[in-house]
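Notes to accompany the following structure.
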Amino acid sequence: MPPEPYYITTPIYYVNDRPHIGHCYTTVVADVAARFARLLGRDVFFLTGTDEHAEKVVTTARERGLTPRQWSDANAAEFRRAFRLMEVAESDFMRTSEDRHKTRASAYIKRLMDSGDVYLGDYVGWFDASQEEYLTETVAKEHGFNSPVTGKPLEKRTEKNYFFRLSKYEDRLRAHFDARPEFVLPEARRNEVLGRLRQGLNDVPVSRAVKEGDEDWGILMPGDPGHRVYVWIEALCNYLTAVDEPERRKYWPATVHVMAKDILWFHAVIWPAMLMALGEPLPRTVYAHAYFVAEGRKMSKSLGNFIEIDLLEAYGRRYSIDAVRWYLATQGPLGATDADFAHARFVEVYNADLANGIGNCASRVGNMIEKYFGGQIPEEGGWGEIAFDLGFHRTGSEVDSEVADWLENFEQFDLSSALACGTAIATNIDLLINRTQPFKIAKQIENDVALRVVLAQILKHCAEAIRIASLLLYPAMPAKMASLWRAWNCSPLNDPDDADSGFRAPLAELAEWGGTWSLKPGQRIAKGDPLFMRADPAEPAPTA
RNA sequence: GGCGAGGUAGCUCAGCUGGUUUAGAGCGGCGGAUUCAUAACCCGCAGGUCGAGGGUUCGAGUCCCUCCCUCGCCA
């Protein structure tokens, strides 16, 4: 049975932007989910990329004396660099200016025109002649129907425009929402969309008139060079254009589209309606997370407090990128409410979860195996229950239950709860060590040789539990877990030096307590360097 | 203005259809114990009128009403 495909996407990012925590958060969330799925043995396709056809791209490029192509090449490269830095391993990076996207997107529009779902109509709007742009009714009203920039009166203008017959799909959309509660998540976001859906849907413009002297940038309406496909509409198409080829067709429909809440409407209503019109199946889930704020304050240009990639890079240098990923994945706004990127909080989480948690636990176990068994997994004792009553003879099944919870939480897309299953194992091992006190037993071995078996069993249990915990933590911290696996000679990766090289077996086999992939007697465990050095809360925050 | 979410320990939050207790967890803080470990781990404590007021009920963070506040979506 071939593995079930898992297709996850991020939005394609506006190529004029500088990569910041918002882009990185969405992308890291998708990457973590993709790694969960790969670890489970699914056939994963993970798409991200850049949205390049906005008019502003042309003007910005011109200001810099560059062609739109040159300008977007440079900025798309910045996004790629940011994602390499964040240890993101996408399957493909789609740029909307690529031919493969343009030709396929154009073909979709053509199909919609042929079927009548896209038609030529009259667009009436408030035109700001000084800025050469249309304003929405709301914005126009706000400014007393004068230009927000120059204050000159707006003109009510009518122009020919292509529309998508969104209204036609209102009932089918509603039915889909009813039938698939997981279609839009989290639930609060779903309610918002449903509320708005109840107010009815209007057809939406999908083209912009081509003006004299316009740069050839974008996609022309099929058969009508006087109009260009509106960037939003063609951008949505990227999810399908990227996989609309024979070898990749199996990935459609997408398992989950991840994005921030501001662009939910396009993904939850317009895109699904377009797919219905195209006769394509709909994505299983559209997941809209909330925002990160910075040190308790909303990020804005005026405050100049955007957390840009350079600051995340600085955090990465001091605490490791995996620690940054851990913070994003476990403390981030995956739910409906915003989350805070605060330095004090970062250090607390880093110390509690990583340095004092899994890091310290791996250290103490590695150290004892080094000290008492010469750095080798002892021969004595099996993987069964610990031989005498220490109150903890069910370690194996407790670990199994964490693995089960991990999977369950991942299926709900509750990444932080899933990851917590990994740290929970470490916590239980800390408890086991304190209760069984192997370091005391070690001192009594000379007097009672039988105790050596007990000591061996305890430490084997601890090490095996940590091995399995590390698998559960891998999606958030691929580099650190890969280094632990190297030190312990138990890498499940195809290439132990490459955290992105894929797994030699699915989790069900890898995480089997005492199974094929378990630690073997005689196997060398290097104590190694601490995974996460404890951080000093008093140290000032890193700066970019 | 319309629709929606929410206000629970210092912080982040659990508490589903009302009655497991003297309202919980994690983190932080305080005290203790311990030494295998990264001053880590473990144990104990921390008294929050569950936004305000009123009501229903034998009994309400948990239902109803009013009010205050925060936030989201839309207009």
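Since the model is a prediction, treat every value here as computed from it, not as a measurement. Just so it is clear: chains get the letters A, B, ... in the order the sequence lines come, proteins before strands, and each one is counted from 1.
- No engagement by A/Ala188 is indicated, since no non-hydrogen atom pair under 4.0 Å with the nucleic acid exists.
- Between B/rU38 and A/Asn356, no contact under 4.0 Å exists linking OP1 or OP2 to a side-chain N or O.
- Of all nucleotides listed (B/rU35, B/rC41, B/rG72), B/rG72 comes nearest to the side chain of A/Lys261.
- Across all strands shown, A/Gln199 has heavy atoms under 4.0 Å from sugar-phosphate atoms exclusively, and none from any base.
- Taking the six-membered ring where tryptophan is involved, the planes of A/Phe163 and A/Tyr123 are tilted, since the angle between them lies from 30° to 60°.
- The distance from atom CD1 of A/Ile429 to atom C1' of B/rC42 is 14 Å, rounded to the nearest whole Å.
- Comparing B/rU8 with B/rC50, their P atoms are spaced 11 Å from each other, to the whole Å.
- Distance from the side chain of A/Tyr372 is smallest to B/rC36 among B/rC36, B/rG28, B/rG72.
- Following rounding to the nearest Å, A/Asp353 (CG) and B/rG28 (C1') show an atom-to-atom distance of 13 Å.
- Between A/Arg196 and B/rC74, a side-chain N or O to OP1/OP2 separation shorter than 4.0 Å is present.
- With B/rU38, B/rG28, B/rG72 as the choices, the nucleotide that has an atom nearest any side-chain atom of A/Glu348 turns out to be B/rG28.
- Taking atom P on both nucleotides, B/rA52 is separated from B/rG7 by 12 Å, rounded to a whole Å.
- With both ends at atom P, the span from B/rU56 to B/rC74 equals 42 Å, rounded to whole Å.
- The residues A/Asp338 and A/Lys298 are annotated as not salt-bridged, no charged nitrogen and carboxylate oxygen being separated by less than 4.0 angstrom.
- A/Arg534 has a side-chain polar atom (N or O) that falls below the 4.0 Å cut-off from OP1 or OP2 of B/rA40.
- Remark: A/Arg190 does not engage A/Glu187 in a salt bridge, criterion side-chain N to carboxylate O under 4.0 Å.
- Between B/rG6 and B/rU17, the distance separating the two P atoms is 11 Å to the nearest Å.
- Nucleic acid contact class of A/Leu531 (heavy atoms, under 4.0 Å, all strands): base.
- A/Glu295 has no carboxylate O lying under 4.0 Å from a charged side-chain N of A/Arg297, or vice versa, which leaves the two without a salt bridge.
- A gap of 10 Å separates the P atoms of B/rG18 and B/rC64, to the nearest Å.
- Residue A/Pro530 is classed as a base contact, given a heavy-atom separation below 4.0 Å to a base.
- Between A/Asp178 and A/Arg174, no side-chain nitrogen of the basic residue sits less than 4.0 Å from a carboxylate oxygen of the acidic one, so the salt-bridge criterion is not met.
- Of the candidates B/rC42, B/rG72, B/rG28, B/rC42 carries the atom nearest the A/Thr427 side chain, counting heavy atoms from C-beta on.
- Among the atoms of the strands shown, none is found under 4.0 Å from any heavy atom of A/Arg198.
- Distance A/Glu187 CD to B/rC16 C1': 12 Å, rounded to the nearest Å.
- Of all the heavy atoms in A/Gln331 and A/Ala339, the pair that sits closest is O-CB, 3.2 Å.
- Taking atom P in both B/rG72 and B/rG53, one finds a spacing of 28 Å when rounded to whole Å.
- Residue-to-nucleotide proximity on RNA chain B shows that, of A/Lys443 and A/Ala352, the 5′-proximal contact is made by A/Ala352.
- When each of B/rG4, B/rU38, B/rC41 is scored by its nearest atom to the side-chain atoms of A/Ser363, the top-ranked nucleotide is B/rU38.
- Residue contacts shown for A/Gly359 include a base, since a base heavy atom lies under 4.0 Å away.
- Going from the C1' atom of B/rA5 to that of B/rG47 covers 31 Å, rounded to whole Å.
- When distances are taken from the side chain of A/Glu192 to each of B/rG72, B/rC36, B/rC42, the shortest belongs to B/rG72.
- For B/rG61, the O4'-C1' to base torsion is within 90° of 0; the nucleotide is therefore syn.
- Residues A/Lys261 and A/Glu192 are not paired through a salt bridge, judged by the lack of any N-O separation under 4.0 Å between the basic side chain and the carboxylate.
- Spacing between B/rU62 and B/rG15 at atom C1', rounded to whole Å, works out to 9 Å.
- If you take CZ of A/Arg364 and C1' of B/rA37, they are 6 Å apart, rounded to a whole angstrom.
- Regarding A/Ile433, its CD1 atom lies at a distance of 16 Å from the C1' atom of B/rC43, rounded to whole Å.
- Residue contacts shown for A/Asn367 are limited to sugar-phosphate atoms, with no base heavy atom under 4.0 Å away.
- At whole-Å resolution of the value, CG in A/Asp414 and P in B/rA14 are 11 Å apart.
- Computed from coordinates, the A/Arg435 CZ to B/rC36 C1' distance equals 17 Å when rounded to whole Å.
- Mapping A/Val349 and A/Phe532 onto RNA chain B via the closest heavy atom, the residue that lands nearer the 5' end is A/Val349.
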Notebook entry, point to check: If pairs are Watson-Crick or G-U with both distances under 3.5 Å, what is the dot-bracket string of RNA chain B, marking crossing pairs with [ ] and pairs to another strand with |?
Noted result: (((((((..((((.....[....)))).((((.........)))).....(((((..]....)))))))))))).
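- Taking 4.0 angstrom as the limit, A/Lys371 places a side-chain polar atom (N or O) nearer than this to OP1 or OP2 of B/rA37.
- Nearest heavy-atom pair, A/Lys480 versus A/Asp322, reported as atom, atom and distance to 0.1 Å: N-OD2, 2.6 Å.
- What separates NZ of A/Lys480 from C1' of B/rU38 is a distance of 12 Å, to the nearest Å.
- Listed for the A/Thr285 side chain is no donor-acceptor partner under 3.5 Å among the backbone atoms of A/Tyr287.
- Shown here for A/Leu493 and A/Ala482, the closest heavy-atom pair between the two residues is CD1-CB, 3.9 Å.
- When each of B/rC42, B/rC41, B/rG72 is scored by its nearest atom to the side-chain atoms of A/Lys298, the top-ranked nucleotide is B/rG72.
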